[in-house]
Amino acid sequence: MPKIQREKHPMPAVDVLVEGIIKGDTSALGRAITLVESNRKDHLEKANAIVQKCLSRSRDAIRIGITGVPGVGKSTFIETLGTLLIAEGNRVAVLAVDPTSTQSKGSILGDKTRMEELVKNPNAFIRPSPSGETLGGVARKTRETIILCEAAGYSIVLIETVGVGQSETAVHGMVDFFLLLKLSGAGDELQGIKRGIVEMADALVVNKADGENIKKAEAAAKAFKRALHLYPPKENGWIPKALTCSATENTGIDTVWDMILDYIEKNKASGNFLEKRKRQNRNWLYESIEERLKSEFFQDEVIAPEIEKFVTEVMADTISPFHAAEQLIGMFKNKS
Ligand code: GDP
């Protein structure tokens with residue numbers, strides 16, 4: 001039986017929520033994110049209005065993407081880095097992009113139980129991945145959530161994603177710095193990296209450089225460094241770095257942070273920081289248009305049964321797929 005959604009506490013008006021967010025009230029922030037994550041039309045309208053008002057309020061936050069295979073130590077790394085950043089006077093938001101999470105399973109990433117210390121810290125805000133969504137849906141919701149968190153005064157937004165599939169590309173498209181966490185293997189480091197992800201990463205950090213693993217981790221970082229030099233520098237001139245750290249022992253994390261700050265400073269000075277954000281916004285606009293057009297088309301009541309008919313014909317080879325597409329799009333256009 002479908003769950004009946006009962007609103008125990010009615011949703012406050014847009015202006016009330018915006019005011020709360022700007023004051024740094026986490027309950028207002030949480031409720032606004034709930035609106036952003038909802039698929040209800042009235043919620044979407046409210047969410048749009050809130051995001052719009054928060055846009056100009058976004059402060060000078062830094063957005064960092066963190067990826068790596070399950071077990072590499074992402075949540076431990078975020079816990080250690082987040083605690084360090086808060087100790088330096090920052091407020092830190094942790095979001096997750098995990099399109100595999102479903103309503104029933106709950107989400108794997110950004111799970112509060114995985115960041116025990118951070119979750120207790122009043123200067124940290126942790127939000128798991130929106131669940132039961134396509135990657136496009138999760139990406140939109142996370143992007144808007146970033147804006148809300150920044151308006152609420154979180155100066156650093158960490159976005160966690162699993163190093164499998166397309167979700168890294170989506171996260172790369174919404175952050176200023178993209179960090180890939182790695183483990184040291186048995187000399188097979190170079191084969192272990194997917195080409196695409198190396199091109200996206202601004203740094204490779206070999207985690208678990210502790211105990212007996214230190215030497216292996218350092219050798220892995222050296223091998224990565226050599227490999228990274230084989231790639232052309234990024235358009236902003238940055239050569240991706242390879243470092244080691246131990247998230248459990250809290251070693252090397254400060255060096256990772258210094259490197260990120262160095263990157264941010266250099267890119268701000270050259271103008272690349274803002275340029276990249278502008279490019280990301282432009283891409284987001286195009287992606288949003290594509291998503292919207294596709295869903296309007298495929299979910300159209302009149303068109304949906306027509307698509308079925310054409311599928312049958314195309315499969316029977318009685319009409320070419322191209323011609324069928326033209327006819328369907330013609331029908332869709334003539335409707336409006
Ligand atoms: P995630 O799946 O990438 O988020 O990985 P977790 O943060 O959950 O870590 C997976 C396991 O690796 C846990 O048992 C952690 O305690 C352990 N771990 C994480 N970071 C380190 C580290 O720096 N050194 C060691 N030795 N273990 C670590």
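Positions are given from 1 along the sequence. Ligands are counted one by one from 1 in listed order, and the atoms in each one are counted from 1 as well.
- Residue-to-ligand polar distances keep Ala209 apart from ligand 1: every N/O pair is separated by 3.5 Å or more.
- Looking at Asn90 and Ser155, their side chains do bring a donor and an acceptor atom within 3.5 Å of each other.
- Per-residue contacts place Ala247 under 4.0 angstrom from the following atoms of ligand 1 (heavy atoms of the residue considered): 20 (N), 22 (C), 23 (O).
- At a threshold of 4.0 Å, the pair Asp262-Lys266 counts as salt-bridged, since one of the basic side-chain nitrogens sits closer than that to a carboxylate oxygen.
- Between Lys241 and Leu204 the shortest side-chain heavy-atom distance does not fall below 4.5 Å.
- Applying the 4.0 Å criterion to heavy atoms of Pro70 picks out, from ligand 1, the atoms 2 (O).
- The proximity of Asp210 to ligand 1, defined as any non-hydrogen pair under 4.0 Å, is limited to the side chain.
- Residues Asn39 and Lys141 have side chains that bring a donor and an acceptor to within less than 3.5 angstrom of each other.
- Contact annotation for Asn207 and ligand 1: only side-chain heavy atoms (C-beta onward) come within less than 4.0 Å of the ligand.
- Looking at every heavy atom in both residues, Glu150 comes nearest to Arg63 through OE2-NE, 2.7 Å.
- Here atom 8 (O) of ligand 1 lies nearest to Ser75 when heavy atoms of Ser75, Gly252, Cys245, Ser246 are compared.
- Nearest heavy-atom pair across Val69 and Lys74 is O-NZ, 3.0 Å.
- Considering all non-hydrogen atoms of both residues, Val72 and Asn207 come closest at O-ND2, 2.9 Å.
- The nearest non-hydrogen atom to atom 28 (C) of ligand 1, considering only Glu212, Lys208, Glu160, comes from Lys208.
- Lys208 contributes no side-chain N or O that, together with a main-chain N or O of Val206, makes up a donor-acceptor pair within less than 3.5 Å.
- An N or O contact shorter than 3.5 Å is missing between Glu249 and ligand 1 by distance.
- The residue Asn213 has no part lying near ligand 1, judged by heavy-atom distances below 4.0 Å.
- At under 3.5 Å, a nitrogen or oxygen of Gly73, whether backbone or side chain, sits near a nitrogen or oxygen of ligand 1.
- Here's the thing with Gly71: one of its N/O atoms is less than 3.5 angstrom from an N/O atom of ligand 1.
- Distances below 4.0 Å separate heavy atoms of Lys74 from the following atoms of ligand 1: 1 (P), 2 (O), 3 (O), 4 (O), 5 (O), 7 (O).
- The shortest non-hydrogen separation linking Glu168 to Thr67 is CG-OG1, 3.5 Å.
- One option in Thr248, Ile66, Val72, Thr251 has a heavy atom closer to atom 22 (C) of ligand 1 than any other, and that option is Thr248.
- Listed by atom number, the atoms of ligand 1 under 4.0 Å from Val69 heavy atoms are 3 (O).
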